[in-house]
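To start, the structure under review is shown below, and the notes come after it.
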Amino acid sequence: MTTTHTFDVIILGAGSVGTPAAFYLAQAGFKVLVLESVASVGQGSNKRAIGGVRATHSDPAKMQLCSRSLEIFSTFKENFGNDIEWDRCGYAYVAYTEREEKTLKSLLPTHQRAGIRNDWYDAADYLKLIPDLNPDGLIGGTFSPDDGSASPLLVNHAYYTHACALGAEFHFSEQVIGLQVEGGRITAVKTTRDTYAAAVVLNAAGAWAAQIGKLADIDLPIHPDSHEAAITEPVARFLGPMVVDIRPAPGSTNYYFYQHITGQIIFCITPDPNAWGFNVSETSSFLPMVSRRMLEVMPRLSNLRVRRTWRGLYPMTPDGFPVIGWSKEVTNLLLGIGFCGQGFMLGPSSGELLTRLVQGQTTPADQAILPLLAPDRVFSGQELLK
Ligand SMILES: Cc1cc2nc3c(=O)[nH]c(=O)nc-3n(C[C@H](O)[C@H](O)[C@H](O)COP(=O)(O)OP(=O)(O)OC[C@H]3O[C@@H](n4cnc5c(N)ncnc54)[C@H](O)[C@@H]3O)c2cc1C
């Protein structure tokens, strides 16, 4: 493979992670090319995300990265000039059994130590916050007022336009089909149209990241896991926060829903067992399962009409945490993959972190979390708040 098209960084995939990374790398002065197999940005998992953004995780890496992403999302309008439909609605984890109460309360000291506001409310006070919750059996719940939601596609498109303004090139409908590796480095990136070279190649191919790994003859532990979501007709605003119920039930683990600023209820469920594979055809089992569970917690939703369902892919890792760091096998291959169900919220801060990795300028705070995200870690941990 020979090429005259040379860049500092080639990013594979213009999704939740690749597009913000393109912006931050271009802002840092790098000559950036983004290769995307489909016709525009955000058409992979990005546009299928429901837009939830929270710092209230159970591990230091996601708490740190999402706290930074929250700063970026909440000031996006002032700093970038784009309306991304940011809504500081907060997250509410409800507890109807002692198991959830114990789990949720056990995380509060961790959040407080990390400077993340999250408080426990007993049932009576919780109902003042979310009056439409079913009071039967309600013990209480947590509320984190600084979490919120934004539009994944608006964010992705905003980063795309700003990256282009800084000189980043995006090539759409151009799939990466080959990587030439010589002496442990990628020396050429081959697409359906051309061949390119760069000092650094960033794999940001989401659920397809392992296929990119295969092109360089390495195994990446990323598996597509299919999740379904839906949106109702819009109604007058009655619900503040994102409501999350982490009780397991037959066929599902947690589910969550919120009312968008334009009035629609948007919701999702985590299937149990996982629905592995690339199939994104909608199912007939999702809507009855999730709506039954949502009505149990909020009977007022019963007359809402569902307008649309869709299905997309979580790029899963065995431990539920992303992979951010340099490949050990191919030295100029940077990995920004395995963002599971949180790639939209992690995208902006991960784009900044990936840029610092390319610059060789990671901070002590980065260095504290990078081992937790390392490509060669033992994938044995499990997060508490999925
Ligand atoms: C129903 C649902 C709800 C979700 N809700 C949330 C949420 O509320 N909050 C949240 O943070 N996350 C949420 N997510 C998860 C989120 O969508 C993903 O974690 C995130 O989009 C992954 O980002 P990514 O950049 O890794 O992948 P993507 O956004 O999928 O981007 C990868 C890109 O790589 C491209 N690509 C792949 N192979 C190639 C190739 N060979 N050549 C060129 N290009 C290639 C793809 O076309 C794609 O555009 C949700 C996901 C689903 C399905």
Side-chain angles (χ1 to χ4, degrees), residues 11-22 24-25 42 44-46 48-49 51-70 72-73 114 152 155-156 159 200-213 218-225 227 270 274 276 312-328 333-358 362-363 365-386:
I11 301 175
L12 315 184
S16 303
V17 178
T19 311
Y24 291 112
L25 283 160
S45 299
N46 171 267
R48 298 164 201 258
V53 183
R54 65 183 165 101
T56 40
H57 297 279
S58 56
D59 71 291
K62 282 191 197 167
M63 286 192 292
Q64 187 173 306
L65 287 169
C66 284
S67 295
R68 173 62 190 147
S69 281
L70 277 168
I72 297 171
F73 285 122
V155 170
N156 219 249
Y159 273 119
V200 172
V201 175
L202 168 57
N203 181 353
W208 302 267
Q211 296 174 355
I212 296 288
I218 58 173
D219 285 327
L220 296 172
I222 312 301
H223 300 282
D225 177 23
H227 284 243
T270 304
N274 300 64
W276 298 114
L313 303 173
Y314 279 18
M316 291 303 290
T317 55
D319 59 5
F321 301 112
V323 173
I324 301 179
W326 295 100
S327 157
K328 294 292 174 270
L333 176 61
L334 184 57
L335 303 170
I337 55 176
F339 284 83
C340 305
Q342 289 125 14
F344 167 58
M345 63 181 89
L346 288 160
S349 52
S350 299
E352 290 183 328
L353 175 56
L354 289 160
T355 300
R356 291 193 292 275
L357 280 164
V358 174
T362 52
T363 65
D366 295 336
Q367 287 149 25
I369 60 168
L370 281 168
L372 306 169
L373 307 169
D376 61 343
R377 68 182 184 263
V378 178
F379 287 85
S380 61
Q382 274 299 323
E383 61 183 332
L384 269 177
L385 271 197
K386 291 193 184 176

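Contact annotation: the side chain of Leu25 never approaches that of Val200 to less than 4.5 Å [non-hydrogen atoms, C-beta and beyond]. You'll find the side chain of Ile337 stays beyond 4.5 Å of the side chain of Ile212, heavy atoms only. Residues Trp326 and Leu370 have side chains not in contact (no heavy-atom distance under 4.5 Å, counting atoms from C-beta outward). The shortest distance between side-chain heavy atoms of Asn46 and Thr19 does not fall below 4.5 Å. Side-chain contact between Trp208 and Leu12 is absent, with no heavy atoms from C-beta onward closer than 4.5 Å. Here the side chains of Cys66 and Leu346 are in contact, with some heavy-atom distance below 4.5 Å. Here the side chains of Ile324 and Leu335 are not in contact, with every heavy-atom distance at 4.5 Å or above. Within the 4.5 Å cutoff, the side chain of Phe339 has no heavy atoms near those of the Ser45 side chain.
Side chain of Ser69 to backbone of Ser349: a donor-acceptor contact under 3.5 angstrom is found. Using a distance-only test at 3.5 Å, with no hydrogens or angles considered, no donor-acceptor pair links the side chain of Asn274 to the main chain of Trp276. Gln64 contributes a side-chain N or O that, together with a main-chain N or O of Ala365, makes up a donor-acceptor pair within less than 3.5 Å. Using a distance-only test at 3.5 Å, with no hydrogens or angles considered, no donor-acceptor pair links the side chain of Asp219 to the main chain of Pro221.
Heavy atoms only, all atoms of each residue included: Asn203 and Ala209 are closest at ND2-O, 3.2 Å. In plain terms, the two heavy atoms of Ala207 and Pro224 that are nearest each other are CB-CB, 4.1 Å. The two atoms that bring Gly320 and Lys62 nearest to each other are O-NZ, 2.9 Å, heavy atoms only. Between Ala55 and Ser67 the shortest heavy-atom distance is CB-OG, 3.7 Å. When every heavy atom of Met316 is checked against every heavy atom of Cys340, the shortest pair comes out as SD-CB, 3.7 Å. Considering every non-hydrogen atom in both Ala21 and Leu354, the closest pair reads CB-CD1, 4.4 Å.
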>> Between Arg68 and Leu353, does the side-chain contact (heavy atoms from CB on, under 4.5 Å) criterion hold? Intermediate values first, please.
In response: CA-CA 10 Å; Arg68 173 62 190 147; Leu353 175 56; over 6 Å; no
> Given Leu373 and Val323, is the side-chain contact (heavy atoms from CB on, under 4.5 Å) satisfied, shown in steps?
Replying inline: CA-CA 5 Å; Leu373 307 169; Val323 173; over 6 Å; no
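Asp225 contributes atom CG, which lies 8.5 Å from atom CG of Leu313 (distance to the nearest 0.5 angstrom). Distance check: Ile369 CD1 to Leu65 CG gives 4.0 Å after rounding to the nearest 0.5 Å.
Relative ring orientation between Tyr314 and His227 is described as parallel, the plane-to-plane angle staying below 30° on a 0-90° scale split at 30° and 60°.
Separation of the Tyr24 and Tyr159 ring centroids falls under the 6.0 Å cut-off.
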